[in-house]
Amino acid sequence: MVSTAPGAMTSEEIVALNRDHTFFSWSIQGQIDPIAIDRAEGVYLYTPEGRRILDFNSQLMSVNIGHGDRRVIAAITEQASKLQFVQPAFATEVRGRLGKKLAQILPGDLDKVFFTLGGAEAIENAIKLARHYTGRYKVLARYRAYHGATMGAMTLTGDPRRWANEPGLVGVVRYPDTHRWGEKEPRPVDEPPGSGGRDPVRGSAHDRGCVPRDDRGHERDPDPPDGYIEGVREICDRHGILMVADEVMAGFGRTGRWFAVDHWDTVPDLMAMAKGLTSSYLPLGGVAMRRHIADFFESKMFYGGLTYSSHAVSCAAALATLDVYEEDGLIRNAARLDGVMRQHHRRLEAKHPSVGAVRNLGLFGIIDLVRSRDPWTPMTPFNGSSDEMKAVGAALRDGGLYTMLANNSIHTNPPLCITEEQLAEGFEIIDRALDVADRVVTS
Ligand SMILES: Cc1ncc(COP(=O)(O)O)c(C=O)c1O
């Protein structure tokens with residue numbers, strides 16, 4: 001028997017208790033090997049035994065301001081001691097102030113937000129809003145994109161995580177991705193469905209991983225290609241389709257701008273957000289809508305709601321988080337470190353034959369590992385695993401770095417408060433781990 005008093009347990013005891021009585025996401029429960037974390041500060045996590053781990057993925061690309069920020073903790077504490085919760089039909093100051101602040105930073109006339117608990121619920125409600133508004137039911141989504149694990153968001157998700165959850169929502173129509181066909185423009189849409197959903201910059205769902213733009217033209221076109229996002233906007237306008245941007249992962253400074261669509265000066269009709277909104281200090285998501293959509297619902301019923309919509313303490317966390325981005329210039333920092341991350345990536349690419357390609361936009365980065373660059377042979381087949389990727393993962397863990405490994409790729413998405421020294425520290429650990437991968441390279 002282990003003690004259940006907090007703060008008294010070893011890593012081993014914590015992991016055993018978690019495994020015995022709690023269920024882990026996206027896992028075969030018998031195969032999981034979680035790391036126990038006791039506390040976190042800045043870019044570092046600490047185990048109960050005091051071992052320091054560099055968080056090179058901001059957890060799930062979400063703790064953008066870094067861990068343990070006292071300003072956000074103070075705002076949460078203050079709000080919690082005054083008003084914890086009223087149901088969403090009430091009005092609160094913190095909710096109103098957060099809505100106004102978001103309206104100021106969101107692109108164009110996106111200036112009203114329906115608050116949810118996270119990203120998937122933001123997507124669900126974007127679908128509802130679009131369907132109510134257009135009176136149409138079809139939703140276009142890309143073949144490769146992750147939009148969340150609730151039923152509707154899962155149906156929109158274009159990756160193997162969807163397969164076990166099918167059949168899902170009626171009316172989802174898929175359209176091709178960009179780089180595989182080398183297209184410079186989106187394919188024409190033959191029919192006018194209700195709404196088009198997309199990640200402006202892809203995260204974990206892609207077989208070549210995350211972000212996208214390779215400024216040397218590498219072995220493929222930039223993704224998204226120049227003009228793509230603007231082209232999607234134009235096609236949507238032409239057919240009366242609402243454009244939904246899923247900024248759950250790419251938003252809130254990750255790419256060096258407030259939102260990824262800002263790189264292309266494009267205003268979607270609806271925008272899903274979560275993660276960086278509170279920097280994950282508390283659960284909160286939202287779907288922002290343009291003025292004409294908000295106006296439509298001035299006289300029409302919206303058939304949707306959530307007990308915890310606009311939760312006061314989560315709103316306080318978000319408001320304080322947005323202040324931190326501004327006070328500390330974190331979005332500028334992400335933009336500044338874009339070039340620094342690129343240099344690290346390139347150094348690793350030049351040194352390690354197992355590095356097939358590297359890409360980043362701001363602090364949204366990825367390293368693709370290959371057995372051979374020519375012909376292109378990923379270290380792990382899409383949706384599979386390999387002993388080599390597992391060995392790379394073990395080497396990173398032993399070296400004191402946490403990040404996400406997906407398919408054949410190593411994600412490099414640290415908190416936006418990271419310094420150049422800490423960035424270098426992370427890439428040193430990756431450098432050493434890549435020696436393991438180099439051993440199987442054939443050309
Ligand atoms: C682009 C994107 N959309 C939606 C989601 C779902 O968000 P949540 O896990 O908060 O429901 C995620 C989560 O990773 C995401 O990356």
Side-chain angles (χ1 to χ4, degrees), residues 23-27 57-64 113-130 139-162 165 168-169 172 177 195-206 209-212 223-224 229 232 243-255 258-261 268 270-288 304 306 308-309 311 314 317-318 321 361-366 403-407 409 411 413:
F23 203 81
F24 283 76
S25 345
W26 308 116
S27 310
N57 201 53
S58 313
Q59 291 306 293
L60 283 177
M61 298 89 162
S62 61
V63 186
N64 290 4
V113 183
F114 176 60
F115 291 111
T116 63
L117 277 84
E121 282 185 350
I123 294 291
E124 298 294 339
N125 284 286
I127 299 169
K128 280 192 183 145
L129 287 162
V139 187
L140 284 152
R142 271 157 73 156
Y143 274 95
R144 291 277 161 79
Y146 179 72
H147 293 297
T150 52
M151 232 16 154
M154 191 90 264
T155 314
L156 291 186
T157 286
D159 89 7
R161 283 172 278 192
R162 188 190 72 247
N165 295 298
L169 204 69
V172 174
D177 277 275
S195 61
R198 66 176 321 280
D199 308 88
V201 178
R202 272 170 297 190
S204 58
H206 203 257
C210 194
V211 183
D223 177 16
I229 299 283
V232 171
M243 178 180 178
V244 184
D246 182 345
E247 292 266 1
V248 169
M249 190 183 276
F252 297 101
R254 173 60 50 201
T255 67
W258 271 114
F259 300 98
V261 288
L270 296 164
M271 184 194 282
M273 62 182 87
K275 295 187 188 271
L277 172 58
T278 58
S279 215
S280 296
Y281 280 49
L282 284 176
L284 189 70
V287 47
L306 301 156
Y308 299 121
S309 174
H311 193 286
S314 295
T321 299
L361 186 60
L363 286 175
F364 205 6
I366 202 156
T403 192
M404 190 159 134
L405 300 187
N407 295 304
S409 305
H411 286 258
N413 306 305

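Throughout, residue positions are numbered sequentially from 1 according to the sequence presented. Order of appearance sets the numbers: ligands from 1, and atoms from 1 within every ligand.
Of the candidates V113, V261, V248, M271 forms a side chain to side chain contact (heavy atoms under 4.5 Å, CB included) with just one, namely V261.
A distance-only check finds no donor-acceptor pair linking the side chain of S62 to the backbone of K275 [under 3.5 Å]. At least one donor-acceptor pair closer than 3.5 Å links the side chain of E124 to the backbone N or O of G152.
Close contacts between ligand 1 and D246 involve ligand atoms 1 (C), 2 (C), 3 (N), 4 (C) [criterion: under 4.0 Å to a heavy atom]. The contact set between ligand 1 and G119, taken as ligand atoms under 4.0 Å from a residue heavy atom, comprises 6 (C), 7 (O), 8 (P), 10 (O), 11 (O). For ligand 1, the atoms sitting less than 4.0 Å from at least one non-hydrogen atom of A120 are 6 (C), 7 (O), 8 (P), 11 (O), numbered in the order shown with element in parentheses. Atoms of ligand 1 found under 4.0 Å from any heavy atom of G118, numbered from 1 in the order shown, are 10 (O).
The closest side-chain donor-acceptor pair between N413 and R254, if any, does not fall under 3.5 angstrom. Using modelled atom types, one finds a donor on one side chain and an acceptor on the other under 3.5 Å when comparing H147 with D246.
Ligand 1 has K275 within reach: a non-hydrogen atom of the residue lies less than 4.0 Å from it.
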